[in-house]
Amino acid sequence: MAQVSLKNIRKVYPNGAEALTPSSFDIGDGEFVVLVGPSGCGKSTLLRMVAGLEEITEGELTINGRVMNDVDPADRDIAMVFQNYALYPHMSVRKNIAYGLKNRKTPKDVIERKVAEAAAMLNLNEYLDRKPSQLSGGQRQRVAMGRAIVRDPALFLFDEPLSNLDAKLRNQMRIEIKALQRRLGVTSIYVTHDQVEAMTMADRIIVMNAGRIEQIGTPAEIYHRPASTFVASFMGAPPMNLISARLDGGRVMINGDTVLAAAEGSGAVTLGIRPEDVVLGAEGSISFHVDIIEELGAHRLLHGRLADQEFTIHVGKDVEAAPGETRIALKSDAITLFHPETGKAL
Amino acid sequence: MTEANAGVIDHAASHTPPRKRRIRWGAIGDHAVLIVGSLFMMLPLLMVLQMTTVPDVEVIKTGPSLTIGHQLPENFDKAMFQASGFSGQNTGLNMLKNSFILGIGFALGKILIGMMAAYAIVYFRMRFATLAFWVIFTTLLLPLEVRILPSYEVVQKLGMLNTYQGLIIPLIASATATFFFRQFFRSVPEELVEAARIDGAGPVKFFIDILVPLSRTMIAAMFIIMFVYGWNQYLWPTMITTEEDMFTLVRGIKQITQVLEGNRIPEYGRANLLAIIAIIPPVMVVIFFQSWFVKGLTESDK
Amino acid sequence: MKRAGFTARWLPILLLMPQLVIIAVFFYWPAAHAVQSSFFLQDPFGFGSTFVGLDNYKDLAGNGEYLSIAWFTVIFTVLVTFLSLSIALLLAVKADNVLRGAKTYRTLLMWVYAVAPPVAGFIGLIMFHQSWGPLTELARSIGWDFKLGVNFNDTATAMVIVSVWKQVPVNFIFFLSGLQSIPKSVREAALIDNRSASGRFWDVTFPLLAPTGFFLLITNITYSLFDTFGVIDTMVKGEPGNNPMTLVYKVYVDGFRGNDLGGSSAQSVVLMVLVLALTVFQFRLVERRIHYT
C-alpha cells in the first residue's frame with residue numbers, strides 16, 4: 001500500500017520539448033487513479049517518471065514519504081503492466097512471472113508458492129509451462145498481471161494495458177482488473193486514452209491535455225462538471241454538446257431563445273450540455289433540426305443542427321423521433337457555461 | 001433467380017477450359033525457365049563430380065563424360081592424405097582443418113564482438129555514442145581489398161604472419177555483424193528492457209537472461225553467413241599464410257590449379273575432389289539452414 | 001537508442017573496446033597508412049622513402065596500361081552486374097510463380113552462393129578447358145575458336161560468365177524474398193486492375209522491387225570490383241601476363257609482386273574514393289528512395 005505524491009513534477013526532453021508542465025497531485029492509499037487524455041498529452045511520460053523509466057526534470061516524487069527521484073525502478077517497490085505486455089518471449093509463463101522474484105533472490109519455495117497463488121487467482125494454472133506465443137491476447141494480459149501481482153508491490157502502474165485487446169475482451173478484462181485491485185487493495189495508477197475505461201475503473205480521474213492537467217475529480221464530477229471545454233468534449237460518448245450562446249442581462253440566449261435564466265455577466269459564452277440532458281417535445285423552447293437518427297437498440301442518438309451548429313440528443317428507445325424540425329428543451333441544472341476563448345468553466 | 005444463376009454458371013463453365021489451358025502453358029514456361037536456370041547452376045558441379053570418379057588418364061582424353069568410374073575412393077585418399085607442394089603439410093585434411101578454424105573462428109569472433117558493441121550502442125546512454133557509432137560504421141564503407149597491402153604490413157609488424165590470429169582478427173575489423181545486431185536490437189520492443197528493469201535486472205543480467213536468448217535465431221543466421229564468408233576468404237589468406245601447413249582449402253586452390261599444368265599427368269581427380277571438398281561444408285550449411293540463412297541475409301538489407 | 005537505456009558508465013565502454021581496438025589497429029591504421037604512402041616513393045631496396053607529393057597519382061593518370069585496366073574494369077562491372085541481376089530477376093519471378101517444386105528450385109538455384117570465388121574460377125577452368133571443356137566445345141560448335149588464357153576477349157568472356165554464375169544466387173535470394181514480401185492484397189488488387197501479366201509486372205511488381213533492386217545494384221558493383229579477385233586470380237592461374245584484370249587485381253600485382261608500394265597505395269586510395277563515392281551515392285538515394293509503407 002502506498003501514498004504517492006507529486007510536487008511540481010516537470011519533464012523537458014533534451015531537445016527542449018516540454019512533455020509535462022509542472023504538475024502536482026496526491027494519491028491516497030489503495031486508490032485507483034486513471035490518467036486519461038489524447039495521445040501525446042504527457043500521461044505516459046508522467047507514469048514512466050513514477051516508474052523511474054524516465055528522468056524527472058524538476059519537482060519531487062515521493063512514495064510513502066520517501067523521495068524517489070533518483071531511485072532505480074527495481075527499488076521503487078512498483079510493478080508495471082505494459083501495453084504490449086512485454087512478456088519475455090523465450091521464457092515460459094512460470095518463468096515470466098517468477099523472473100522479478102528471482103532477481104530479488106527470493107527463496108525458491110516462496111517463488112513457487114507465489115507463482116501458484118497468482119496463477120490460481122488469474123486462472124493461469126494450465127498455462128504455466130507454455131510460452132507467451134502460445135497464449136491468446138487475454139491470457140497474455142493475465143500473465144502480465146501475474147508478473148505484477150507476485151511481487152506484492154506498493155504501487156501498480158498500468159500503461160494502456162487493454163488497448164491491444166478486442167472490444168469484448170477489453171470489457172471483460174476491465175472488470176477483472178478492477179476486481180483484482182479492489183481485492184488486493186494496492187494503490188494503482190492507470191493510463192489510458194479510452195474515456196470509457198477511465199469512467200468505469202477510476203476512483204479518481206486525472207484528465208490531461210497538451211502536457212497539462214485539465215481536471216482532477218471523481219468520474220461523476222468529471223462527467224457532470226467538466227472544468228473546460230476540452231474535458232467536456234473528451235469525456236463521454238457522444239461528447240457534450242458545445243454551442244455558442246450569448247449571456248445577456250442574466251439570461252443565456254441561443255438564437256434569441258432563452259435557455260437558462262439567472263446567470264451572471266454578459267457577452268459571448270459557450271454552452272455545454274450532455275446529449276441525455278435534452279428533452280424532446282413540442283413544448284420545448286428551442287427549435288432543433290434532426291438530420292440523422294442513429295439506432296443503438298437501447299437508445300437512439302439524434303444528430304442535427306441547433307442554431308446552425310452541430311448538436312446531438314440522446315433519447316430512450318421508446319421515444320418517437322423522425323428527421324425534420326422539432327422542438328427541444330435543455331435541463332437547466334445540467335448546463336455548464338464556458339469562457340468562449342479560454343474554454344474554462346465559468 | 002435460379003435460372004439467372006444457372007446462366008451465370010453456364011457462362012463461366014464455357015469459358016473455363018481455354019483459361020485453364022492458358023494458365024497451364026504459362027506454368028510450363030515458368031518451369032522450363034527454372035529448369036534451365038537450375039541446370040546452369042548444377043551442371044558444372046555435376047561434371048566436376050563425375051570427373052572425380054574416373055582415372056586421370058581418361059579425363060585427359062575425353063574430359064567430362066557420362067561414365068561413373070570407380071576411382072572415387074582412390075582420389076579421396078590422394079586428396080585428403082597426400083600432400084602436394086614441398087613441405088608435405090598441405091594435405092586435404094590439414095587444409096580442411098584450417099578452413100574450419102578460419103570459418104568458425106571468424107564467425108564466432110565477429111558475432112561476439114558485434115553483439116557486445118551493438119548492445120553498448122543501442123542500450124546505453126553514452127556521451128560519445130554518436131562518435132562511436134560513426135567510427136564503427138565507417139568500416140562498412142571500405143572493403144579489405146582496398147587496404148590490403150597496408151593491412152598486410154600491420155600484421156607483419158605485429159609478427160602475426162602465418163598465425164590463426166593474423167588470419168582471423170583483421171577480417172573481423174568491419175562492422176557488418178555489429179550493424180546487423182544493432183538493427184535487430186532496435187527492433188526488440190522497448191518495453192522488454194523496461195519490464196526487465198522493473199523486475200530488477202541490471203545490464204549484464206538483461207543481456208544474458210533476455211537479449212541473448214531472444215537473438216538465438218539471429219545469431220544462428222549470422223553464424224551461417226559469417227561461416228561461409230570466412231571459409232571462402234581467398235585474398236587475405238593468400239597474403240598472410242605462406243607456410244603450407246597454414247593453408248585453407250580455398251587458399252590452396254591456386255596450387256590445386258597448378259597441378260593441372262606440369263609435365264606429368266595432371267592430377268584431375270585429386271584437384272577436382274579438393275574443389276568439391278572446399279565447396280561441401282559451406283554449401284551444406286547454406287542448404288540445411290536455408291530459412292535462417294535467407295532471413296539473416298535479407299534482413300540485413302535495411 | 002532505447003528511451004529507457006541503462007546508465008552504467010564503464011560497462012558500455014568495456015563492451016565497445018574489443019571492436020574499437022580491432023578496427024583501430026586493422027582498419028584505421030592501414031587505411032591511413034595507404035593514404036600516407038601514396039605520397040611517397042619507396043626505395044626498391046627498402047632503404048627508406050622519399051616524399052613525392054602527387055607524383056604517384058600523376059603517374060597513374062598518365063599510365064596507358066592503368067587506364068585501359070580501369071576501362072576494362074568498368075566494362076566488366078557493367079556486364080557482370082547487368083547479367084547477374086537480370087538472370088536472377090527472371091528466375092525469381094518464375095520461382096515466385098510456380099506452386100509446385102518452389103522450394104526445390106530455390107535450393108538448386110541458391111547453393112552456389114556458398115562457393116568461394118576462386119573455386120568458381122577453378123570450375124571455370126575446367127569448363128573452358130582448351131581440349132575438352134564443355135563450354136569450349138559449345139563455342140566451337142558455333143564456330144568460335146575459344147582460347148582461354150590466350151585470347152584476351154575469350155578470357156574476359158569466361159571471367160564474366162563465371163562471375164555471373166557465382167553472383168546470380170545471392171541476387172535470386174534477395175529478389176525472391178522481395179517478391180514474397182509484396183502483400184497479397186496488392187497483388188490481388190493488381191489482378192483486378194490489369195489483366196496482362198507483363199503489364200502487372202512492370203506497373204506494380206517491378207516498382208515495388210525497386211528498393212531491393214537498388215540495394216543489389218550497389219552490392220553487385222562492389223562484388224564485381226572486389227570479390228571477383230578470386231575468380232580472376234584463378235582463371236589467369238596467377239600469371240597476369242596480357243590477360244584481362246581489374247583494378248583490385250592490379251593493386252595486388254603492383255604492390256605484392258612488383259613492390260611498387262607508392263603506386264599501389266595510390267591505386268588503393270583511388271579505389272577507396274571510388275567505394276566512398278558509391279556509398280555516399282547509395283545513402284543519398286536510400287534517403288530519397290520512396291518507402292511504400
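Each chain gets a letter, A, B and so on, in the order its sequence line appears, and its residues count up from 1. Predicted model only: the values in this text are computed from it and were never measured.
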Atom pair [atom1] ([X]) and [atom2] ([Y]), whose distance is rounded to the nearest 0.5 Å:
X: C:Lys103; Y: B:Ser291; atom1: NZ; atom2: OG; result: 6.5 Å
X: C:Asn171; Y: C:Thr212; atom1: CG; atom2: OG1; result: 11.0 Å
X: B:Leu34; Y: C:Leu108; atom1: CG; atom2: CG; result: 10.0 Å

Please look at [X] and chain C and tell me whether the side chain, the backbone, both or neither of the residue comes under 4.5 angstrom of a heavy atom of that chain.
X: B:Pro143; result: side chain
X: B:Met239; result: both
X: B:Thr62; result: backbone
X: B:Leu149; result: side chain
X: B:Ala278; result: side chain
X: B:Met47; result: side chain
X: B:Ala196; result: neither
X: B:Phe128; result: neither
X: B:Glu153; result: side chain
X: B:Thr138; result: both

Between chain C and each of [options], count heavy-atom pairs under 4.5 Å; write down the option with the most.
options: B:Val286, B:Val154, B:Val228, B:Ile279; answer: B:Val154
options: B:Leu144, B:Ile136, B:Leu112, B:Ile148; answer: B:Ile136
options: B:Val59, B:Leu140, B:Val204, B:Leu171; answer: B:Val59
options: B:Ala118, B:Ala175, B:Ala120; answer: B:Ala120
options: B:Ile287, B:Leu39, B:Leu235; answer: B:Leu235
options: B:Trp231, B:Phe227, B:Tyr152; answer: B:Tyr152

Considering only heavy atoms and a distance below 4.5 Å, find which of [options] pairs most often with chain B.
options: C:Tyr252, C:Phe172, C:Trp111; value: C:Trp111
options: C:Val115, C:Val112, C:Leu271; value: C:Val115
options: C:Pro118, C:Gly255, C:Ser177; value: C:Pro118
options: C:Thr222, C:Ile123, C:Leu91, C:Leu90; value: C:Leu91
options: C:Leu176, C:Val168, C:Thr279, C:Leu109; value: C:Leu109
options: C:Gln36, C:His33, C:Arg106; value: C:Arg106

Can you say whether [X] sits under 4.5 Å from chain B via the side chain, the backbone, both, or neither, judging by heavy atoms?
X: C:Leu11; result: side chain
X: C:Met272; result: both
X: C:Val25; result: both

Is it true that [X] and [Y] have ring centroids separated by less than 6.0 Å?
X: B:Phe137; Y: B:Phe133; value: yes
X: B:Phe206; Y: B:Tyr123; value: yes
X: B:Trp236; Y: B:Tyr229; value: no

Taking the inter-plane angle between the rings of [X] and [Y] on a 0 to 90° scale, is it parallel (under 30°), tilted (30 to 60°) or perpendicular (over 60°)?
X: B:Tyr268; Y: C:Trp132; value: perpendicular
X: C:Tyr249; Y: C:Phe229; value: tilted
X: C:Phe6; Y: B:Phe124; value: tilted

Using only atom types and a distance under 3.5 Å, with no angle test, would you say the side chain of [X] pairs donor to acceptor with the backbone of [Y]?
X: B:Asn232; Y: B:Val250; value: no
X: B:Arg147; Y: C:Phe26; value: yes
X: B:Thr139; Y: B:Val135; value: no

Checklist outcome for this item: Taking every heavy atom of B:Asn272 against every heavy atom of B:Thr52, the minimum-distance pair comes out as CB-CG2, 3.5 Å
Next on the checklist: According to salt bridge (Lys or Arg N to Asp or Glu O under 4.0 Å), who are the partners of C:Lys166, at least two apart in sequence or on a separate chain?
Outcome noted: none
Next on the checklist: Suppose we screen for salt bridge (Lys or Arg N to Asp or Glu O under 4.0 Å). Which residues come up paired with C:Asp254, at least two apart in sequence or across chains?
Outcome noted: C:Lys250
